[in-house]
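Have a look at the structure below, then the notes.
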Number of protein chains: 2
Amino acid sequence: MKKLEHKACSKRILAIHDVMDIIGGKWKISIIACLCSRKMRYSELLHEVNGISGKMLSRDLKDLEMNQLITRRVVDTQPISVEYEISEYGSTLKQLTDDIANWGLEHRKRIFETTE
Amino acid sequence: MKKLEHKACSKRILAIHDVMDIIGGKWKISIIACLCSRKMRYSELLHEVNGISGKMLSRDLKDLEMNQLITRRVVDTQPISVEYEISEYGSTLKQLTDDIANWGLEHRKRIFETTE
DNA sequence: CAGTATCCGGTTTGATACTG
DNA sequence: CAGTATCAAACCGGATACTG
């Protein structure tokens, strides 16, 4: 877990900064959303999270694991595979990722309507 | 409104990418959260959104306005002031920003508990 | 007050090649 | 399969000075 700073200003704004540090960035929410639906291997995520590069995926997975949102388990197949799974704590983000995805879906509709 | 791309892959993941394009980044959610509570002038936001620079604030405000999430109104005082307000569409994000802030507040608690 | 312009270093990201 | 190493490009974001 990363240590947090403490400054004297609006708690809500600080809290939002914290969240964006953890799940902000281009890919993290997508990764979490994927893993909320089912556990996945590295290569599956690489395919599901459209557009992510291997480097970013492994870096973000490391971050998410560090923040205890997901778990990593090496499966002793030949060759090895690695299973990523949402943690109990991580699943407290499920509602949030759902809301984000749903807002995005509605937004798409709106865009396609207004731009014909 | 920005045009969106269209590729053949999971709609939910695409939707999430859209959302992160719009409200991702370091400051945008904080700005929206502020404006959800009340309309504010530029200088107020500069003070409320702890740590943001003038450049980033005006850039993000422009982005948010372009996406029709907020409105900008020049008030003819001397010197002029500018009032930013959440739009009707932008207020559909209120629940989301609340959820993010609340998750962040809980997360802070958790961190301070586990790291003593 | 509400910005814009410029400079500039740091971070993020992607492509590609490589490893166990 | 599941990554790591390296390089280069793009973008982010702060400080400062300036404008109407």
Side-chain angles (χ1 to χ4, degrees), chain A residues 2 5 7 9 13-14 16-31 34-35 38-67 70-85, chain B residues 2 5 7 9 13-14 16-18 20-32 34-35 38-67 70-85:
Chain A
K2 212 188 297 176
E5 313 151 41
K7 291 179 199 162
C9 67
I13 300 297
L14 272 188
I16 289 174
H17 285 351
D18 293 347
V19 178
M20 296 318 280
D21 273 357
I22 296 168
I23 60 170
K26 205 168 173 179
W27 307 109
K28 288 196 180 126
I29 299 255
S30 300
I31 296 170
C34 276
L35 294 178
R38 62 183 174 85
K39 64 173 84 163
M40 282 187 181
R41 281 176 301 124
Y42 179 85
S43 54
E44 289 181 292
L45 282 167
L46 207 51
H47 178 252
E48 290 289 323
V49 182
N50 187 261
I52 197 171
S53 68
K55 187 172 85 173
M56 282 305 109
L57 180 56
S58 55
R59 178 184 299 183
D60 283 353
L61 286 170
K62 234 179 257 171
D63 284 355
L64 293 173
E65 197 194 354
M66 218 175 51
N67 282 304
I70 62 173
T71 60
R72 177 182 185 275
R73 192 169 69 88
V74 178
V75 185
D76 198 5
T77 50
Q78 193 51 247
I80 68 164
S81 55
V82 180
E83 256 177 25
Y84 291 95
E85 191 170 5
Chain B
K2 213 189 294 175
E5 313 151 41
K7 290 180 200 163
C9 67
I13 299 298
L14 274 188
I16 289 173
H17 285 350
D18 294 347
M20 297 317 280
D21 273 357
I22 296 169
I23 60 170
K26 203 170 173 178
W27 307 108
K28 286 192 182 133
I29 299 254
S30 300
I31 295 169
I32 291 170
C34 277
L35 293 178
R38 63 183 174 86
K39 64 173 85 162
M40 282 187 183
R41 282 175 301 123
Y42 179 85
S43 52
E44 288 181 293
L45 282 166
L46 206 51
H47 177 254
E48 290 289 324
V49 182
N50 188 260
I52 196 170
S53 70
K55 186 173 85 172
M56 283 304 112
L57 181 56
S58 54
R59 181 185 295 182
D60 283 352
L61 286 170
K62 233 180 256 170
D63 284 354
L64 294 173
E65 196 193 355
M66 219 175 50
N67 282 304
I70 62 173
T71 59
R72 177 181 184 277
R73 192 169 69 87
V74 178
V75 185
D76 198 4
T77 49
Q78 194 51 245
I80 66 165
S81 56
V82 180
E83 255 176 27
Y84 290 95
E85 190 169 3

Counting heavy atoms from C-beta on, name the nucleotide in D:dG13, D:dT4, D:dA2 closest to the side chain of A:Lys62.
D:dT4
May I have the distance from B:Leu46 (atom CG) to C:dA2 (atom P), rounded to whole angstrom?
9 Å
C:dG3 phosphate, OP1 or OP2: any side-chain N/O from B:Arg72 under 4.0 angstrom?
yes
Nearest-0.5 Å distance that lies between atom CD1 in A:Ile31 and atom CD in A:Glu48
12.0 Å
Looking at A:Ser30 and B:Ile16, what are the two nearest heavy atoms and their distance?
OG-CG2, 3.5 Å
Per B:Tyr42 side chain, nearest of listed nucleotides C:dT13, D:dA2, C:dA2:
C:dA2
Nearest-Å distance for atom pair NE2/P, residues B:His47 and C:dG3:
18 Å
CD-OH distance between B:Glu44 and B:Tyr84, expressed to the nearest 0.5 angstrom
12.5 Å
Grab the CD-P distance between B:Glu65 and C:dA2 for me, whole Å please.
15 Å
Could you tell me which nucleotide pairs with C:dA2 by Watson-Crick or G-U wobble geometry, both distances under 3.5 Å, or answer none if nothing does?
D:dT19
Rounded to whole Å, how long is the line connecting atom CG of A:Leu57 with atom P of C:dT13?
13 Å
Which atom of A:Leu45 lies closest to which atom of A:Met40, heavy atoms considered
CD2-SD, 3.6 Å
Which value, rounded to the nearest 0.5 Å, describes the distance between B:Trp27 atom CH2 and B:Ile52 atom CD1?
5.5 Å
Using whole Å, what does the distance between atom C1' of nucleotide C:dT4 and atom CD1 of B:Ile80 come to?
13 Å
With a cut-off of less than 4.0 Å, is there a side-chain N or O of A:Ser58 near OP1 or OP2 of D:dT4?
yes
Considering just the side-chain nitrogens and oxygens of B:Tyr84, establish if one lies under 4.0 Å of OP1 or OP2 belonging to C:dG3.
yes
Please determine, for the side chain of A:Arg41, which listed nucleotide (D:dA2, D:dT4, D:dC12) has the closest atom?
D:dA2
Please pick, from D:dC1, C:dT4, C:dT13, the nucleotide with the shortest atom-to-atom distance to any side-chain atom of A:Ser81.
D:dC1
Can you tell me if the side-chain N/O atoms of A:Ser43 get under 4.0 Å from OP1 or OP2 in D:dA2?
yes
Check the distance between C:dG3's P and B:Met40's CE and give it to me in whole angstrom.
15 Å
Measure the distance from CG on B:Asp60 to C1' on C:dA2 and round it to the nearest whole Å.
16 Å
Ignoring backbone atoms, test whether A:Ser53 places a side-chain nitrogen or oxygen under 4.0 Å from the OP1 or OP2 oxygen of C:dT13.
no
Side chain of B:Pro79: nearest nucleotide among D:dC1, C:dA2, C:dC1?
C:dC1
I need the CE-C1' distance between B:Met20 and C:dT13, as an integer number of Å.
16 Å
Of the nucleotides C:dG3, C:dT13, D:dA2, which one has an atom closest to the side chain of A:Met56?
C:dT13
